[in-house]
Amino acid sequence: MTDNKKNPYLAHIRPSKEPLHGFIPRRVTASQVRKALEHEVNPFTQEPHTPQYRDILEARKKLPVFLHMDEFFKVFNENQIIIIEGEPGSGKTTQIPQFVVYSDLPHNKGKIIACTQPRRITTVSAAKRVSEEMDVELGREVGYSIRFDDMTEPGTTFLKYMTDGKLLREAMNDPKLSCYSTIILDEAHQRTLATDILMSILKGLAKRRPDLKIIVMSATLDALKFQKYFSAPLIKIHGCAHPVEVFYTQEPEPDYVEAAIRTVLMIHRAEEPGDILLFLTGEQEIEDACRQIQLEAALDPNFFGPLTCIPLYSSLPSQQQKRVFDPPLPPKTPNGPPGRKVIVSTNIAETSLTIDGIVYVVDPGFEKQNVYHPRIRVNSLLVTPISKVSAKQRAGRAGRTRPGKCFRLYTEEDFISELEEESVPEMLRCSLAGTVLGLFKIGVKDLVRFDWVDSPAPEALLRALELLNHLGAIDTDGNLTALGSIMAEFPLDPQLSKVLVVSPEFRCSDEILTIAAMLSVPNVWLRPNNHRKKADAARAFYTNVDGDHMALLNVYNNYIQNQLDVSWAESHYLSAEVLAEAHNIREELMWMMERFEIELMSIADEKKRCLAIRQALCCGFFMQVAYKGDEMGNYITVKDNQVVQLHPCCGLRTQPQWVIFNDFILTTRPYIRTVTEVRAEWLLEYAPVYYDLTTFQDGKMKKALRKAAKKYIGRPNDADTEEHR
DNA sequence: GAGCACTGC
């Protein structure tokens, strides 16, 4: 029978021609989908299902989402935007996009369903899993797209998992996102910059694209906020995590590290087998705590089981990060107490990394948060109390494999009254220059009336506009310039983007390309606790009188000369992983430069080359300049008049009069990092508006600038001289 | 002479 060879359950459904309520409803019902799922032929490939498909399907049917299939189709069919609140373990990430696939099947031929994730790893693993569930080859019908790795096939892929940042990039080139029929934003509660902007864009786009469906998926708590923001119906799905018993301390703990160590040892001595996860705030704290726990546990290994303490933070090489998945040690004697694993981790274990087997969570209630102060344009990393959402997320880590316990090292009263409901969204904590430039590129002009999920402070917006205007990315009327339009294309901070775009004028675009890539990755310099002196010596080899930017360039070039060799990198106390990433980014940027016809150039003469690089950097970083204020090492930042010092890791041997810096951080005192010497004449020449002397306070700095201006007028600078030769 | 929580394009 031919009927048996085709999966007919969805074939008869036709899209409705008449838009209803202003959008196009879909008509697939849950019972049709159930029948289609049970059919022996795969409706997407018209091939018979594999036996594996059936096994997985049985497991899928047990997921909580499956019980909500009728409700899902009912609500989804009748609404353009819906919100789904799903607890961890509900199966929403893998199942909801598949439901939509069935709903889309008869519609929107050639269009794609997108499902965004905040992180690359989860994007890939979700796509992999779903391709198995749907019995298709990964990269064909179901694919994924993340930076540096696109596993999709145009014309074939109809379900695409992608990072939120990737979709936001696509929106810049196609503001109507016209290739998508449905967009699913997953993990919206994490409030990443990209997800927040996408929510605003999609809310506006829904009115202009009646055929577009939008699903916002979130864990508990924030879903209500999204429901209000979109005025959309909400579907609640319960998870299937195990219960976690929460304990509080009777009194506040004065020293949370000490209390945490004490609690871990107490669990080890008194509680049933099961691994422990302790949350601390940073690398140093974690390494110290690990040493102390290991030391104290070694005192009685025969009475209690052997204990392995494993540190976990992002700058740890991935090989060492994988240690958290090793099984705990076996008992010392055949009938002795079993071994136990203690993982001491930063926030990385809260959302990014999931470790099975954790039964106990110790939560002191603190994290490090990056805080941006728009008024003085400074970042600082502060140890702050976590939010209730974070505390719940941390506790949930104990219930993944069986019922668990969470020990909070604060009182229940403090939990209720002192902790904020949710963490401050990234949007409100960082510089908005890049975001605003992206919005201009999409065509958003009125930032005040823009429909933000949470409106940023007017001051933060003003700072962003001011920076973009000084860089020449927007004109004084607030329109995007041609320069700004190209700058927005590059995945770089606007300052760096500007430097890269103008670098051919200084004939050093090859070197600036490398520097831009190196500034886009985390710190490359390793400094292991027991090899500090050696590491410092290795680093000193690269320090350069001309500044830290040149040092980064030299490190990269040496890495290439050594054929990207991992052991070379490690023996020079450099992170091979970070260098490899810089290499990837450099390739991507180079390809983009080619596309925009930005020529790759270099100057043969070393001295002139170095001069040109420093001048080019001035074109983007003229707002991040400090002037030497005295002989004590104090610098004053231009216009903001903040007293800062060169960070001790800076390679400069002398203290030049004028420096540009890449970042300004507040730790024990205000520091500037990644610093390069510049000349006042360059600032006056490349940023005449910003360095209009009438806008400067009287003082030493203004005097020095005035002196430089006199010298500079009528005398061509070095770059010009060179050009004229 | 101090320290980089965590993502993403």
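Residue numbers begin at 1 in each chain, while the letters A, B, ... track the order of the sequences.
- Picking from dG8(B), dA5(B), dA2(B) the nucleotide with the shortest atom distance to the side chain of R120(A) gives dG8(B).
- In terms of the side-chain hydrogen bond (donor to acceptor under 3.5 Å, both in side chains) criterion, Q495(A) has no residue partners (sequence neighbours excluded).
- Side chain of N523(A), nearest nucleotide from dC4(B), dT7(B), dA2(B): dC4(B).
- Between T163(A) and dC9(B) there is a side-chain N or O to OP1 or OP2 distance below 4.0 Å.
- The residue among F490(A) and E367(A) whose nearest nucleotide of DNA chain B lies closer to the 5′ end is E367(A).
- Using a 4.0 Å heavy-atom distance criterion, P522(A) is classed as making no nucleic acid contact.
- Of the candidates dA2(B), dG8(B), dC9(B), dC9(B) carries the atom nearest the K166(A) side chain, counting heavy atoms from C-beta on.
- In the set dG8(B), dA2(B), dA5(B), dA2(B) carries the atom at the smallest distance from any side-chain atom of P648(A).
- R532(A) places its CZ atom 13 Å from the P atom of dC4(B), with the value rounded to the nearest Å.
- Using a 4.0 Å heavy-atom cutoff across all strands shown, E588(A) reaches no nucleic acid atom at all.
- Counting any heavy atom pair closer than 4.0 Å across all strands shown, L381(A) reaches a base atom.
- OP1 or OP2 of dC6(B) sits under 4.0 Å from a side-chain N or O of S314(A).
- When heavy atoms are screened at a 4.0 angstrom cut-off, Y671(A) is found touching the sugar-phosphate backbone but no base atom.
- Each of dA2(B), dC9(B), dA5(B) was ranked by its minimum atom distance to the side chain of P491(A); first place goes to dC9(B).
- For the atom pair F661(A) CZ and T676(A) OG1, the distance stands at 12.0 Å (nearest 0.5 Å).
- Taking the charged nitrogens against the carboxylate oxygens, D536(A) and K533(A) have no contact shorter than 4.0 Å, which rules out a salt bridge.
- For dA2(B), its base never sits under 3.5 Å from the side chain of R673(A) at any donor and acceptor pair.
- The residue T192(A) sits apart from the nucleic acid: no heavy atom pair falls under 4.0 Å.
- When each of dA5(B), dT7(B), dC4(B) is scored by its nearest atom to the side-chain atoms of I665(A), the top-ranked nucleotide is dC4(B).
- Out of dC9(B), dG1(B), dC6(B), the shortest distance to the side chain of I146(A) is found at dC9(B).
- Nucleotide dT7(B) holds its C1' atom 10 Å from the CD1 atom of I348(A), rounded to whole Å.
- Closest approach of E426(A) and L193(A) over heavy atoms only: OE1-N, 2.9 Å.
- Nearest nucleotide to the side chain of D536(A), out of dC6(B), dA2(B), dC9(B): dA2(B).
- Residue contacts shown for R147(A) include a base, since a base heavy atom lies under 4.0 Å away.
- Here dC9(B) is the nucleotide among dC9(B), dA5(B), dC6(B) with the atom lying nearest to any side-chain atom of R169(A).
- Applying the 3.5 Å distance criterion, the base of dC6(B) shares no donor-acceptor pair with the side chain of N347(A).
- Heavy atoms of T668(A) sit under 4.0 angstrom from primed sugar atoms or phosphate atoms, though from no base atom.
- Every residue two or more places apart in sequence or in another chain was checked for a ring-ring contact (aromatic ring centres under 6.0 Å, His included) with Y559(A), and none qualifies.
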